[in-house]
Amino acid sequence: MTNREIATIFSEIADILDIKGENPFKVRAYQKAVRAIEGLSEELRAIHARGELRQIEGVGGAIAKKIDELLTTGKLQYYEREKASIPDGLLAMLKIPEVGPKKVKALYEKLGIDTVEKLEVAAQAGKLRELPGFGEKTEQNILRGIALVRRGRERVLLADATELAESIVEKLSQLKEVSVAVPAGSLRRQQETIGDIDILVISHAPQKVMDTFTTLDCVAEVTAKGTTKSSIRTKDDVQVDVRVVEKDSFGAALQYFTGSKEHNIQLREIAMKRGLKINEYGVFSEKTGKMIAGKSEEEVYAALELPVIPPELRQGLDEIDAARDGKLPALLEPSQIKGDLHVHSEWSDGKNSIEEIVEACRALGYTYVGIADHSQSLGVAGGLEPERCEKQIELIRKINRKLKGFRVLAGAEVDIRSDGTLDFPNELLAKLDFVTAAIHSGFKQTRKQLTDRVRSAMENPHVTILAHPTGRLIGRRDPFDIDVVEILQIAKKTGTAMELNAHQLRLDLKDVHLRKAKELGVKVAIGTDAHDLTELRLMRYGVATTRRGWLESKNVLNTLSTTKLLKALKHA
DNA sequence: GCCGTTTTCGGCCCGACTGTTTTCAGTCG
């Protein structure tokens with residue numbers, strides 16, 4: 001039973017208890033456990049085997065016992081019982097925006113509505129307004145919510161959300177009434193996918209900001225418009241919220257709206273113990289009500305005797321402990337990246353010549369670029385035959401002779417075949433500056449097959465980097481079933497680096513596994529997998545993801561100087 | 001259900017907006 005499956009069960013338990021009107025803190029305890037499990041880099045099975053379940057923050061005796069039951073029997077009696085106690089359809093109803101546990105309960109008990117379909121019919125017939133607390137507007141909102149769920153409320157990729165947010169920020173910034181406009185929320189935390197975009201604005205004329213925001217070209221629908229907060233849905237179906245605050249509360253608001261929710265709850269608990277109260281307007285003394293901080297995030301954290309925690313780390317895991325103990329990492333900065341280690345040229349399925357790539361990379365301030373075109377097996381991607389690869393190496397040497405202060409590294413993205421053998425002979429691999437091995441087929445193999453396959457590739461001394469280790473495409477293809485922790489342990493032994501593929505659809509390895517890599521001392525190589533020059537800019541999302549994984553410059557290969565990098569790649 | 005430099009009991013983050021009310025509950029983040 002996977003972490004994901006266990007988290008889903010606890011999440012359903014929380015929903016069921018919520019609908020039944022149980023103690024809300026019990027509901028929250030289950031939700032907290034769900035988030036804790038989702039944040040694990042390790043399988044619960046392994047933690048269970050070591051008897052360390054209760055060391056997980058948010059997992060106490062009762063939940064540990066339930067995890068034990070799930071892992072040993074594959075079932076949970078408590079869950080079966082609770083699930084049987086309410087109709088299945090109620091959980092689906094809860095997924096509709098505007099419909100929460102109280103409404104579900106009322107709809108079910110008073111009108112016998114127990115499916116989304118029945119709810120839709122009743123709303124259309126104007127039956128809901130008979131219930132106390134329900135009116136015509138509520139009916140319309142519920143119908144809209146149902147349509148929204150049917151369309152599938154997909155989360156937006158970090159790169160797409162960033163682009164949209166930056167365009168809105170730019171337009172709001174042009175107003176003379178606006179002094180600052182910045183993204184907050186999960187976007188500022190650089191989460192790999194974004195639900196809603198939050199933008200925070202400092203202005204003394206909030207109404208003007210609200211009016212401008214709700215009438216932007218991209219707006220399809222205004223879902224809320226207040227004096228300091230408005231929400232819209234764009235034509236691309238993304239929800240965007242804008243909040244306006246006063247200058248003196250900006251730090252508190254930025255902290256508050258950056259989240260994560262769990263991080264903020266932890267901060268508030270600390271504040272409470274110190275006789276302080278935090279809200280989006282500032283930090284206040286509980287006794288006197290006097291505001292003691294709020295202008296900047298520095299002030300807010302300082303009021304709790306903490307250094308500012310970088311937004312990417314605010315995940316509600318152990319970052320506050322680390323901050324208190326002075327153990328926050330010096331996270332990787334974009335400016336520390338000296339080159340891209342995964343770029344495709346026109347030799348395989350890329351669009352540009354090596355010379356064009358060099359020029360673009362120099363413009364980005366890099367001092368090297370790793371060309372890694374596909375190998376022969378990948379026919380669809382114009383994979384190189386060994387002879388073509390030899391030719392490419394020659395050309396790269398020729399280009400390098402003409403370059404000053406820049407170096408093209410001759411590499412290849414070599415296919416790991418289904419049987420674990422590599423797609424190029426060793427003699428050829430030996431001539432390359434670096435070899436990135438990757439799985440591009442046979443995703444459906446068993447966990448053991450896939451893990452063994454990658455192991456045999458990594459054990460080849462010429463292989464320096466394992467590309468996109470889990471093969472996932474965010475929102476499109478699940479990661480293949482591979483034991484990432486075991487792969488990392490093998491990498492430690494063989495000295496292989498793990499790629500962080502910075503392509504917007506991949507971000508592979510993901511944050512929790514990067515952190516595990518750091519713990520194990522496995523180096524990370526960031527590559528954009530660019531197939532054209534514009535994709536070279538995806539590096540920023542790679543850097544952001546390493547930051548979420550607590551990586552520092554010393555953990556990342558492409559912060560090294562050319563000489564040191566070449567040496568490190570040979571060693572690997 | 002979790003948790004403990006006040007605690008093994010009694011707390012558990014906080015406010016905006018909406019729609020329904022005529023002072024507030026529900027939902028959301």
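The chains referred to below are lettered A, B, ... by the order of the sequence lines, with proteins before strands, and numbering in each begins at 1.
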Using distance only, find each side-chain donor-acceptor pair of residues 166-175 of chain A under 3.5 Å and give its atom names and separation, not counting sequence neighbours.
residue: A:E166; atom: OE2; partner: A:R540; partner atom: NH2; Å: 2.8
residue: A:S167; atom: OG; partner: A:L164; partner atom: O; Å: 2.9
residue: A:S173; atom: OG; partner: A:V169; partner atom: O; Å: 2.7

Not counting sequence neighbours, which residues clear salt bridge (charged side-chain N to carboxylate O under 4.0 Å, His left out) with [X]? List them please.
X: A:D241; value: none
X: A:E38; value: A:R4
X: A:E519; value: A:K516
X: A:E57; value: none

For nucleotides 14-17 of chain B, which of its nitrogen or oxygen atoms have a protein nitrogen or oxygen under 3.5 Å away, and what is each distance?
residue: B:dC14; atom: O2; partner: A:Y256; partner atom: OH; Å: 3.0
residue: B:dG15; atom: OP1; partner: A:K277; partner atom: NZ; Å: 3.4
residue: B:dG15; atom: OP1; partner: A:N279; partner atom: ND2; Å: 3.0
residue: B:dG15; atom: O4'; partner: A:E280; partner atom: OE1; Å: 3.4
residue: B:dA16; atom: OP1; partner: A:Y281; partner atom: OH; Å: 2.6
residue: B:dC17; atom: OP1; partner: A:T228; partner atom: N; Å: 3.2
residue: B:dC17; atom: OP1; partner: A:T228; partner atom: OG1; Å: 3.2
residue: B:dC17; atom: OP1; partner: A:K229; partner atom: N; Å: 2.9

Short N/O separations, protein against nucleotides 2-5 of chain B, under 3.5 angstrom:
residue: B:dC2; atom: OP1; partner: A:G60; partner atom: N; Å: 2.6
residue: B:dC2; atom: OP1; partner: A:G60; partner atom: O; Å: 3.3
residue: B:dC2; atom: OP1; partner: A:I63; partner atom: N; Å: 3.2
residue: B:dC2; atom: OP2; partner: A:A62; partner atom: N; Å: 3.3
residue: B:dC3; atom: OP1; partner: A:G58; partner atom: N; Å: 2.9

I'd like a table of donor-acceptor pairs (distance under 3.5 Å, sequence neighbours excluded) in which one partner is a side-chain atom from residues 12-25 of chain A, with atom names and distances.
residue: A:E12; atom: OE1; partner: A:Y79; partner atom: OH; Å: 2.9
residue: A:E12; atom: OE1; partner: A:K83; partner atom: NZ; Å: 3.2
residue: A:D15; atom: OD2; partner: A:K95; partner atom: NZ; Å: 3.4
residue: A:K20; atom: NZ; partner: A:E82; partner atom: OE1; Å: 2.7
residue: A:K20; atom: NZ; partner: A:S85; partner atom: OG; Å: 3.0
residue: A:N23; atom: OD1; partner: A:F25; partner atom: N; Å: 2.9

* Remember a base hit wins even if backbone is also touched, and classify A:F25 as base, sugar-phosphate or nothing at under 4.0 Å, heavy atoms. =>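 Base contact.
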
* To do: With heavy atoms under 4.0 Å as the rule, sort A:K66 into base, sugar-phosphate or nothing.
  =>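 Sugar-phosphate, no base atom in range.
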
Extract all donor-acceptor atom pairs below 3.5 Å that involve side chains of residues 63-70 of chain A and protein atoms in other chains or at least two apart in sequence.
residue: A:K66; atom: NZ; partner: A:Y30; partner atom: OH; Å: 3.4
residue: A:D68; atom: OD1; partner: A:H48; partner atom: NE2; Å: 2.6
residue: A:E69; atom: OE2; partner: A:Q77; partner atom: N; Å: 2.8

Exercise answer: donor-acceptor pairs, residues 299-319 of chain A side-chain atoms, under 3.5 Å, sequence neighbours excluded:
residue: A:E299; atom: OE1; partner: A:G294; partner atom: N; Å: 2.8
residue: A:E299; atom: OE1; partner: A:K295; partner atom: N; Å: 3.3
residue: A:Y301; atom: OH; partner: A:Q255; partner atom: NE2; Å: 3.2
residue: A:Y301; atom: OH; partner: A:H263; partner atom: NE2; Å: 2.9
residue: A:Y301; atom: OH; partner: A:R314; partner atom: NE; Å: 3.2
residue: A:E305; atom: OE2; partner: A:R274; partner atom: NH1; Å: 2.9
residue: A:E312; atom: OE1; partner: A:R547; partner atom: NH2; Å: 3.4
residue: A:E312; atom: OE2; partner: A:R547; partner atom: NE; Å: 2.7
residue: A:R314; atom: NE; partner: A:I309; partner atom: O; Å: 2.7
residue: A:R314; atom: NH1; partner: A:E297; partner atom: OE2; Å: 2.9
residue: A:R314; atom: NH2; partner: A:E297; partner atom: OE1; Å: 2.9
residue: A:R314; atom: NH2; partner: A:E297; partner atom: OE2; Å: 3.4
residue: A:R314; atom: NH2; partner: A:I309; partner atom: O; Å: 2.8
residue: A:Q315; atom: NE2; partner: A:E312; partner atom: O; Å: 2.9
residue: A:Q315; atom: NE2; partner: A:R548; partner atom: O; Å: 3.3
residue: A:D318; atom: OD1; partner: A:R515; partner atom: NH1; Å: 3.1
residue: A:D318; atom: OD1; partner: A:R515; partner atom: NH2; Å: 3.1
residue: A:D318; atom: OD2; partner: A:R515; partner atom: NH2; Å: 2.9
residue: A:E319; atom: OE1; partner: A:G316; partner atom: N; Å: 3.4
residue: A:E319; atom: OE1; partner: A:L317; partner atom: N; Å: 2.8
residue: A:E319; atom: OE2; partner: A:H263; partner atom: ND1; Å: 2.8
residue: A:E319; atom: OE2; partner: A:Q315; partner atom: N; Å: 3.2
residue: A:E319; atom: OE2; partner: A:G316; partner atom: N; Å: 2.6

* What are the residues of residues 132-142 of chain A, sorted by number, that bring a heavy atom to within less than 4.0 Å of DNA chain B? ->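 Hits under 4.0 Å, by residue number: A:G133, A:F134, A:G135, A:E136, A:K137, A:T138, A:N141.
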
* Can you list every side-chain hydrogen bond (donor to acceptor under 3.5 Å, both in side chains) pair that touches residues 106-133 of chain A, not counting sequence neighbours? ->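 Checked against side-chain hydrogen bond (donor to acceptor under 3.5 Å, both in side chains) - neighbours excluded - the pairs reaching residues 106-133 of chain A are A:D114-A:K118, A:E120-A:R150, A:R129-A:E139.
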
* Asked: For the pair made of CG in A:D241 and C1' in B:dG29, what is the distance, rounded to whole Å?
  ->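 Interatomic distance, CG of A:D241 to C1' of B:dG29: 8 Å.
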
